[in-house]
Structure formats: C-alpha cells, structure tokens
Amino acid sequence: MKLLVGASAGGHANDMKALLERAAELWPVAPVAYVTTAETWADDLRDSGMRVYVIREADRRTPFRAMQSAVQSLRVIMRERPDAVVTTGAMPMAIMCVWARMLRAKVVWVDCISQTEVLSLSGRAAKRLSHLTLTQWPEIATRTRGVEYAGEVL
C-alpha cells in the first residue's frame, strides 16, 4: 500500500504532525510522501527522509491560486499514484482528494480540531468523496451524517 499524507499550513499541519507522531504504530504503512502548503515545515519533513511536495495555498477567495494548487496537486497524485490519502485539510488538500479519488485511492479526511461547532467548508466538500470522514469533536459527529468521531489528535 502506498500512503500519501497532507495538510495545509497552520493548525492543519499541527494536527497532521501530531497524528503522524502520536499514532505512528497505528498506521498500516509509513507514508511515502507528504503534501503541504508550508515550505518552512517541509524542510523538517525532508530531514526525516520523507518525500515532500509543496503546493500553493488557496481558499475560496483566491480562485486563481486554487487553480494553481489544483494543477500542482494533480501532478503529485499522478507522480505518486497513492493507494490511500489521509489529510487534515484545508482547500488545497480537498482538491488533492478529488484527484486521488478519481484514481481510485481511498481517502480519509480528518477535520481540523479548530472546527468546534460544524464541519469545515473543505470538510463538507471532502465528506462527499471521502471513504472516511473524521471530526475531533463528538458533538459534530452526532449532528453530521457520515462523519465519525474517534478521538482528538492534539
């Protein structure tokens, strides 16, 4: 199995870092590559020996950057051809999940812990194509169909 993980900068990256470190023994295989929007954190990952791809950060207010991010994430997916993708968001990672799903990869979305009331906008979009959507708040899982709670990452 070829596993690709990814997270946008900020809290998303913090969640993924914690998930990689604290749950290392639970991963079925070690990730082969990491996708991020933060060059600064990419250096730390490269030092650990993991392949790292940095794609453009974007959100719904930056459609041109979102298109650039979509092209970059497509290149990553085509190069890596993962069997599974695990991400903590945000928009650039949701776009990457679309490409992964089109190539029949399994997709797991872990919504960021900062989303305390409702699933994030990217999480709501990714939920439609994810094989598993997780929230870090039991209340959100209770109120949102198709979303599960399995604990907090941080």
Side-chain angles (χ1 to χ4, degrees), residues 1-60 62 64-115 119-137 147-154:
M1 177 196 287
K2 201 171 183 187
L3 176 62
L4 178 72
V5 297
S8 293
H12 303 285
N14 292 337
D15 282 357
M16 182 55 74
K17 183 177 181 185
L19 193 58
L20 287 169
E21 291 172 355
R22 295 184 184 148
E25 69 280 354
L26 300 175
W27 291 86
V29 295
V32 296
Y34 188 92
V35 181
T36 184
T37 61
E39 186 67 51
T40 54
W41 202 49
D43 292 335
D44 293 339
L45 291 163
R46 284 186 191 104
D47 290 343
S48 72
M50 191 181 301
R51 279 192 306 278
V52 179
Y53 299 93
V54 179
I55 64 173
R56 184 84 187 228
E57 182 63 76
D59 61 35
R60 65 182 179 260
T62 57
F64 182 71
R65 280 194 258 163
M67 289 188 309
Q68 291 174 315
S69 182
V71 169
Q72 291 171 328
S73 63
L74 176 59
R75 286 184 187 134
V76 171
I77 293 297
M78 294 303 289
R79 180 168 185 192
E80 291 296 333
R81 301 273 180 170
D83 298 304
V85 172
V86 177
T87 182
T88 55
M91 181 193 204
M93 301 306 137
I95 295 168
M96 182 179 70
C97 289
V98 171
W99 302 130
R101 185 65 193 255
M102 288 175 72
L103 291 178
R104 302 192 186 281
K106 301 292 184 192
V107 174
V108 177
W109 181 275
V110 181
D111 216 41
C112 190
I113 197 164
S114 65
Q115 294 300 128
L119 209 59
S120 67
L121 181 60
S122 295
R124 290 190 300 266
K127 180 179 79 129
R128 297 180 186 275
L129 51 95
S130 297
H131 292 87
L132 176 63
T133 303
L134 299 170
T135 178
Q136 298 183 58
W137 296 96
V147 176
E148 297 180 34
Y149 171 77
E152 301 88 25
V153 173
L154 297 177

Closest contact, heavy atoms only, Ala100 versus Val85: CB-CG2, 3.6 Å
Spacing of Gln115 atom CD and Thr135 atom OG1 [to the nearest 0.5 Å]: 8.5 Å
Minimum heavy-atom distance between Ala30 and Leu3, given as atom pair plus value: O-CB, 4.4 Å
Spacing of Thr88 atom OG1 and Asn14 atom CG [to the nearest 0.5 Å]: 9.0 Å
Donor-acceptor contact below 3.5 Å, side chain Thr62 vs main chain Ala58: no
Contact check, side chains of Arg124 and Leu121, non-hydrogen atoms, under 4.5 Å: yes
Considering all heavy atoms, the nearest Gly11-Cys112 contact: C-SG, 3.9 Å
Under 3.5 Å: donor-acceptor pair, side chain of Asp15, backbone of Val153: no
Ile113 and Glu152: CA distance, side-chain angles, deciding distance, side-chain contact (heavy atoms from CB on, under 4.5 Å) verdict: CA-CA 7 Å; Ile113 197 164; Glu152 301 88 25; 4.2 Å; yes
Tyr53/Arg75 under side-chain contact (heavy atoms from CB on, under 4.5 Å): CA gap, chis, key distance, verdict: CA-CA 10 Å; Tyr53 299 93; Arg75 286 184 187 134; over 6 Å; no
Criterion side chain to side chain contact (heavy atoms under 4.5 Å, CB included) against Leu4, the qualifying member of Asp83, Thr87, Ile77: Ile77
Interatomic distance, Lys127 atom NZ to Cys97 atom SG [nearest 0.5 angstrom]: 15.0 Å
Taking every non-hydrogen atom, the tightest pair across Ala105 and Ala84: CB-N, 4.2 Å
Side chain Gln72, main chain Arg56, donor-acceptor under 3.5 Å: yes
Gap separating the CD atom of Gln68 from the CD1 atom of Ile55, nearest 0.5 angstrom: 11.0 Å
Donor-acceptor contact present, side-chain Asp111 to main-chain Leu119, <3.5 Å: no
Polar side-chain atom of Thr133 near backbone of Trp109 as donor-acceptor pair, under 3.5 Å: no
Main-chain N/O of Glu80 paired with Lys2 side-chain donor or acceptor, under 3.5 Å: yes
Contact check, side chains of Met67 and Val71, non-hydrogen atoms, under 4.5 Å: no
Shortest non-hydrogen contact between Met50 and Tyr34, atoms and distance: SD-CB, 3.4 Å
Glu57 backbone acceptor or donor facing Thr37 side chain under 3.5 Å: no
CH2 on Trp27 to CG on Leu19, rounded to 0.5 Å: 4.5 Å
Ala7 backbone acceptor or donor facing His12 side chain under 3.5 Å: no
Within 6.0 angstrom of Arg46 CZ, more than 12 heavy atoms from elsewhere: yes
